[in-house]
Amino acid sequence: MVDRIGSRILKPVRRRGAQQYLLITLLSFAVSVAGTRLLLELTGYPQLGGGELHIAHVLWGGLLLFTSALVMLILANRWAFFLGAVLAGLGVGLFIDEVGKFITQANDYFYPAAAPIIYAFFLLTVLVYLQIRRPTTYDSRAELYRTLSGMTELLDRHLEPSERESLEKSLTLVLESAEDENQAHLAQHLLAYLRAETLDLVPDEETRLERYTRALLHWERRWLTPIRYRAILVGGLGAIGLNTFLNLTQLLLATRTPGGLDAIFQQLLIAGQVSSTNGMLGFVSRMALEGSVGLILTLAAAFILIGWERWGLNLGVIGLLLSLAGVNLLVFYFEQFSTILTAFVQFVLLLTIFRHRQRLSDGGAVS
């Protein structure tokens, strides 16, 4: 009997663990781009090949992407999706890193718009990840899809008691809510099979990642008290905010002196940050945006310091999101990948605010 490639049922179902796989892809993507740029910078941008040949790393990216697709198309094991996610992230990073060559007639790898394009593509993938993390409306059909996927542990004889308990809960929900009698019938038989006394189970085993996570949470509870969280946020938000706000203030003061704007323009030309009047206008726009965000972050740090924590945290989130999703696009254009570290610090501060909020909601209200 020939397997059917297509299906008349087109309603999509989210895979079990989709958010974890996408997160792995995102992390691999970031490591791939940052690692490639760092390695090329340290080695003087060598070329693989000779004569007429130049084997660009975009080819390795395409090879990894194709390998990722083959792994997930051929193998049914759950670990294949983990491997595919890693290969996909590394591959797309190597591929898109050379976007400058493909949008310019001169094949300019260092084209200024390349870095913002890569960063914007990464942000779009982050938005997809955030959307995937959101809970979906319950659907018994989708729940059965995910349950059947989870039961592959039975075939590998690696089903743990906690995994069986999770599968039983899912099947019980299907049994109680399914409108299709066939779905309910299937759930009933699967549930009976899971509850059979002859079913072989393996003891619950804590993975290495779970051990590291538990140790990290224990360390956080012990050392990162709410007071220290506030100190980190005040220091981080204040440092970034004051730095950008003072840069804007310096620019505004310089423009008040005769020839000050021309002097700044010449300095920027020498530094290679502008190449025309439009470049200067773009740089001034960037400074204005950075200064505005810097003011927001400075106020956020000040509010947290004086005890207006709710206002400070809200302003911090607004400022960091504006910087990550807007200002950094301009910064990447002018400074290319030298600002990766700054963007990383901003992202860590944003996660710190979210974590601090969660800790406060678990242990007490924010003033």
Side-chain angles (χ1 to χ4, degrees), residues 3 5-7 10 12 14-132 325 328-329 332-333 335-341 343-344 347:
D3 291 337
I5 297 177
S7 174
L10 301 179
R14 184 180 301 178
R15 181 180 301 281
R16 180 185 292 272
Q19 64 271 26
Q20 286 90 350
Y21 295 134
L22 188 52
L23 178 60
I24 292 169
T25 300
L26 275 170
L27 295 175
S28 302
F29 179 10
V31 169
S32 179
V33 173
T36 299
R37 291 279 172 161
L38 178 61
L39 180 63
L40 291 177
E41 181 70 26
L42 293 176
T43 56
Y45 295 90
Q47 292 188 356
L48 183 60
E52 297 181 352
L53 296 178
H54 168 49
I55 304 176
H57 52 267
V58 66
L59 298 177
W60 300 110
L63 179 62
L64 288 176
L65 287 171
F66 185 57
T67 303
S68 170
L70 289 180
V71 166
M72 291 186 285
L73 286 173
I74 295 173
L75 301 178
N77 308 78
R78 291 172 65 180
W79 57 261
F81 296 106
F82 173 83
L83 178 60
V86 172
L87 294 177
L90 295 175
V92 75
L94 290 172
F95 173 82
I96 203 170
D97 182 62
E98 299 215 64
V99 67
K101 291 184 176 181
F102 304 114
I103 61 175
T104 58
Q105 292 184 351
N107 294 330
D108 186 3
Y109 179 70
F110 301 100
Y111 185 60
I117 290 173
I118 296 172
Y119 182 70
F121 185 81
F122 181 79
L123 286 182
L124 288 175
T125 312
V126 171
L127 289 177
V128 174
Y129 169 71
L130 295 176
Q131 182 65 29
I132 293 297
N328 284 352
L329 288 173
F332 270 99
Y333 181 85
E335 298 184 8
Q336 293 295 289
F337 289 91
S338 61
T339 192
I340 283 182
L341 182 59
F344 176 76
F347 183 69

*Asks:* With a 4.5 Å cut-off on side-chain heavy atoms, are L64 and W60 touching?
*Replies:* no
*Asks:* About how many Å separate CG of L63 and CG of L87, when rounded to the nearest 0.5 Å?
*Replies:* 9.5 Å
*Asks:* Closest heavy-atom contact between L65 and G91?
*Replies:* CG-C, 3.9 Å
*Asks:* Under the 6.0 Å and 45° cation-pi test, does R15 pair with Y21?
*Replies:*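 No.
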*Asks:* Hey, could you give me the CG/OG1 distance between L90 and T67, rounded to the nearest 0.5 Å?
*Replies:* 11.0 Å
*Asks:* Does R37 have any salt bridge (Lys or Arg N to Asp or Glu O under 4.0 Å) partners at least two apart in sequence or in another chain, and if so, which?
*Replies:*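 Salt bridge (Lys or Arg N to Asp or Glu O under 4.0 Å) list for R37, sorted by chain: D97.
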*Asks:* So how far is it from E98 CD to T36 OG1, rounded to the nearest 0.5 Å?
*Replies:* 9.0 Å
*Asks:* List the atom of V71, the atom of A80, and the distance in Å for their closest heavy-atom pair.
*Replies:*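 Answer, listing the atom of V71 first, then A80: CG1-O, 3.6 Å.
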*Asks:* Would you indicate whether the side-chain heavy atoms of V92 and F121 approach each other to under 4.5 Å?
*Replies:* yes
*Asks:* Could you check if a side-chain atom of V58 sits within less than 4.5 angstrom of a side-chain atom of K101, using non-hydrogen atoms only?
*Replies:*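 Side-chain contact under 4.5 Å: no.
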*Asks:* Where is the tightest heavy-atom contact between L123 and A325, given as atom of each residue plus distance?
*Replies:* CD1-CA, 3.8 Å
*Asks:* Looking only at non-hydrogen atoms, find the nearest pair between P116 and A113 and report the distance.
*Replies:* CD-O, 3.2 Å
*Asks:* Considering non-hydrogen atoms only, spot the tightest contact between R78 and R16 and give its length.
*Replies:*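 Minimum heavy-atom separation between R78 and R16: NH2-CD, 4.4 Å.
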*Asks:* If the condition is side chain to side chain donor-acceptor pair (under 3.5 Å), which residues does Q20 pass it with, not counting sequence neighbours?
*Replies:* none
*Asks:* Donor-acceptor pair, S32 side chain versus L94 backbone, under 3.5 Å?
*Replies:*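 Here the side-chain-to-backbone pair exists.
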*Asks:* Of F29, F347, F332, which meets ring pair (Phe, Tyr, Trp, His ring centres under 6.0 Å) against Y119?
*Replies:* F332
*Asks:* What is the minimum heavy-atom distance between D108 and T104, and which atoms define it?
*Replies:* N-OG1, 2.8 Å
*Asks:* Would one find more than 12 heavy atoms of other residues, nucleotides or ligands at under 6.0 Å from atom CZ of F110?
*Replies:* yes
*Asks:* Under the ring pair (Phe, Tyr, Trp, His ring centres under 6.0 Å) definition, can you give me all pairs with a residue in residues 86-107, not counting sequence neighbours?
*Replies:* none
*Asks:* Any heavy-atom pair between the side chains of I103 and I117 that's under 4.5 Å?
*Replies:* yes
*Asks:* Nearest 0.5 Å, please: how far is CG in L27 from OH in Y129?
*Replies:* 8.5 Å
*Asks:* Do other residues, nucleotides or ligands put more than 12 heavy atoms under 6.0 Å from Y111 OH?
*Replies:* no
*Asks:* Output the distance between atom CG (L130) and atom CD (Q19), rounded to the nearest 0.5 Å.
*Replies:*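 Here the interatomic distance stands at 11.5 Å.
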*Asks:* Working to the nearest 0.5 Å, report the span between CD1 of I132 and CG of L127.
*Replies:* 12.0 Å
*Asks:* For G89, is there any backbone N or O sitting under 3.5 Å from a side-chain donor or acceptor partner on T25?
*Replies:*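 Here the side-chain-to-backbone pair does not exist.
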